[in-house]
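Chain letters run A, B, ... following the sequence lines, proteins first and then strands; every chain starts at 1.
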Amino acid sequence: MILGLANTWVAIVLMMIGLYIVIAQGNLIKKIIGLTLFQTSVFIFYISMGKVAGGSAPILAQGITEYSNPLPHALILTAIVVGISTTALALSLVVRIKETYGSIEEEEIQAQDES
Amino acid sequence: MINFVLLALLLIVAVGIMRLQDLFAVTMLLSIYGLMSATFFVAMDAVDVAFTEASVGAGISTLLLLVVISFTGRAERKTRHKPYVALFVVTVIGMLLLYGTSDMPYFGSSDAPIHNHVAPRYINDSMREIGVPNIVTSVLASYRAFDTFGEVVVIFTAGIAVLGLLSVSSKALSNSQPLNRPRGLYQQHIVIRIVAKILLPFIFLFALYVQFHGDFGPGGGFQAGVIFAAAFILYAMTFGLDAATAVVKPAVIELIAAVGVLLYGSVGIATLLSGGNFFDYDYLLADPIAGQHLGILLIELGVGLTVTCVMVMICFGFSLRRKAHEQKAVMNISERGPK
Amino acid sequence: MITAATLAIFAAMILALVRAFAGPTLYDRVLAVNMLGTKTVLLIALLGFVMGRPEFLDIAIVYALINFISIIAVLRYSDSNNFKDPDQKSISKEL
Amino acid sequence: MELLISISSGLCLLVGSFICISGAVGVLRFPDFYTRMHAASVTDTAGMVLILVGLMMVSPDLLVLAKLVMILLLGLLIGPTTSHVLAKSAFRNGVKPKLTSNSNDQGGDTSKS
C-alpha cells in the first residue's frame, strides 16, 4: 500500500507551503494567510488520522456498526473557531500597524524603525 | 479515491496562494481552499468539522480579509531579499517531518493507536452514558466540557482584544458629517435587498435548527453561532451598518458575549454545588440522562451566544474602524505626506 | 450514475479553478468562486448519496447560504477605493 | 416503475453533469467577462436543477427529499441573484464587454478604463 501515507504527506507539504509564506514573504496579510494554511494542514492531518476504513460518520444510526474516531473531530471543531478568532486578532494588529506606519510591508516597517 | 482528488486540488490552490501577488486573488483562492478542505472533511466522515469549516473558512474569514484589504490595498510588493534561507529551512523541516511519517500507521487502518484508547469508550458507551446520538457532541459538550470551556474563554478573550485594538469612540463617529459618496449595496442594489429580506428569516431559522438539532445530527453551538453571525453580517452589509447597530447596540452584543461564557461556567458551578465534579451533568437532575441532556443544552446555548456575539463584535469592530477611516481619510493623507 | 455525476462535477471544478487562477479581472475570480461554491453544494449532496448517509444535506444548505453571503461581501468591499484604479496605477508604476 | 424511476433519475444526472461541464468549458474559453458570466450562470442553475431532481428521484425518505427541495429553492433564489449583482457591479466599475474580436484591445481582458 504505497499510498497509505499520502494524506500525511500532503498535510506536511501544505504545512511547509504555509511556513514558507510566513518566512519568505514580507506582506503582513500574506503572512497571516500563510498561518491559516499552516493551521488548515494540521486540521487535515488530524481528521485523516481519525478516519477508519469502511467506517461512517460518528452519528449513531441504525444498521451501522463501524464509526470513525470522534475525538479528532471534537478537537478540530473547536480549533477552527478559535483559529478564526486569533486570525481576527492578528488582522486587527495589522490594521493598527497600517495606521501607525502607513505600510504593511515588513521591510518598509523595519526601515522606518531604524531611521 | 475522492480524498486524493481533493488533496491534489488543495495542493494546487495552496501553490497558487504562494505564487500570486494580488492579495484580492489570494483571498478568493483562500475561500476556495476553505470550500475544498470542507469537502475533504465530508469525505473523511467529519461532518461536524465540515459544517464549521464551511461557515468559517469560506464565509467569515473571507469577509475579515476583505475588510482588512480594503484598508491596506491589494497589491503586495515583491520582496527584495532572495528566499534561499526560507527555502532551506522549509526543505529541512519538511524532510525531517516526512522521515517521521515512516512510523505512522497507514491511513484508515483500524488498529492504529488513536483508535484503541478512549475512542472505543466514546463510540460504544456514549449512548448509555450521555444519551445523545451525535458522538461528537457528547465528546465536545460532556466528556471534554472543561476543554471546550477553555476554548470558549479563548474566543471571548480574542474578541475583547480585537475590541480593545480597534474600538473607536462613538462620539468621533456621530459628530462627523455623513459622507455623501455613492453609498454601498443597500441603496443601489434593490435586488439584493429583496433577496436578503427573503433569505434572512430562513437563515436565522436554520441557525436555530443547527443549534438545537446538534444532539441528533451535525451541528451545535459553534456552527450555529457562526451561521447566526454570518446572517447578522449579511444584514449589516445589505442595509448598512447604522441599521444593524440600531437593531442591536454594540454594548448589548458585548454583554451577551459575556453572558454566554458566564452561562457555560455557571453550569459547571451548578454541578459542583449539587455534589458532582466540575461539568458532571449527572448530578444536575435526578435522572442522569436527563441531567446530561439539560447540561448539554445549556452549554451549547452558552457557546452559541458567545461565538455569535464575538464574531459580530469582531466584524463590527473592523467595519466601524473602516468607517472612521473614511471620514478622516482626507486629513490622514495630508498629515502623513510623502516619506 | 451518481459516480459519473461526481466525476463530472470534479471536472467542472478543475476548469473553474483554472479560471480563478487566470483572472484577469477581479470579477472573473469572483465568478469562479461562485461557480465553485455551487458545484461544491452539488458535490456534497452527491457525496451524501455515494457514502450512503444522505442525512448530511444540512451541510449543503449551509454552503449555499454562506456562498451567497461571501459573494455579497466581495461586492460590498470591492466598491471601496483600495480595490480599484489608484492601486492598479500604483502597481504599474512600480513594475 | 422502479426501473422507470432509476432510468429517469440517471438521465437527469447525466444531462445535468453534461451541462455542468459545458458551462465550465464556457467559463474557461469565452473571450470576456460577460460571456463567461452568461455561460456560468445559465449552466449553473440548469445543471443544479437537473442533478438535484435526479437525486430527489432516488431519495430514500421524505426528510431527504424535503432537504433537497430546500437546496433547490435556495439555489434558484441565490444563483440568478449573484449573477445579476456581479454583472451590475462589474459594469459600474468599468469592465467593458469585448465588442469585436480585434478592434478594441482595451475591453474585456483588462479592467483599466
Closest heavy-atom contact between [X] and [Y]?
X       : Y        : result
C:Asp58 : B:Phe206 : O-CZ, 3.7 Å
C:Ser70 : B:Ala58  : CB-O, 3.5 Å
B:Ala54 : C:Val62  : CB-CG1, 4.4 Å
B:Phe24 : C:Leu26  : CE2-CG, 3.4 Å
B:Leu63 : C:Ala73  : CD1-CB, 3.3 Å

Chain C contact via [X] - side chain, backbone, both or neither, heavy atoms under 4.5 Å:
X       : result
B:Ile60 : neither
B:Thr52 : neither
B:Ser55 : both

Would you give the length of the straight line joining atom [atom1] of [X] to atom [atom2] of [Y], rounded to the nearest 0.5 angstrom?
X       : Y        : atom1 : atom2 : answer
C:Leu43 : B:Leu6   : CG    : CG    : 6.5 Å
C:Leu75 : B:Thr238 : CG    : OG1   : 12.5 Å
B:Asp45 : C:Arg53  : CG    : CZ    : 8.5 Å
C:Ile69 : B:Phe232 : CD1   : CZ    : 12.5 Å
B:Ser31 : C:Asn67  : OG    : CG    : 7.5 Å
C:Ile59 : B:Asp48  : CD1   : CG    : 8.0 Å

**Q.** Top of C:Val50, C:Thr40, C:Thr6 for chain B proximity - count of heavy-atom pairs under 4.5 angstrom
**A.** C:Thr40
Q | Top contributor to chain C contacts, counting heavy-atom pairs under 4.5 Å, from B:Ala231, B:Ala207, B:Ala25, B:Ala50 | A | B:Ala25
Q) With side chains defined as the heavy atoms from C-beta onward, is the minimum distance between B:Val13 and C:Leu17 less than 4.5 Å? A) yes
Q) Considering heavy atoms only, which positions within residues 33-43 of chain B lie below 4.5 Å of chain C? A) B:Leu35, B:Met36, B:Ala38, B:Thr39, B:Val42, B:Ala43
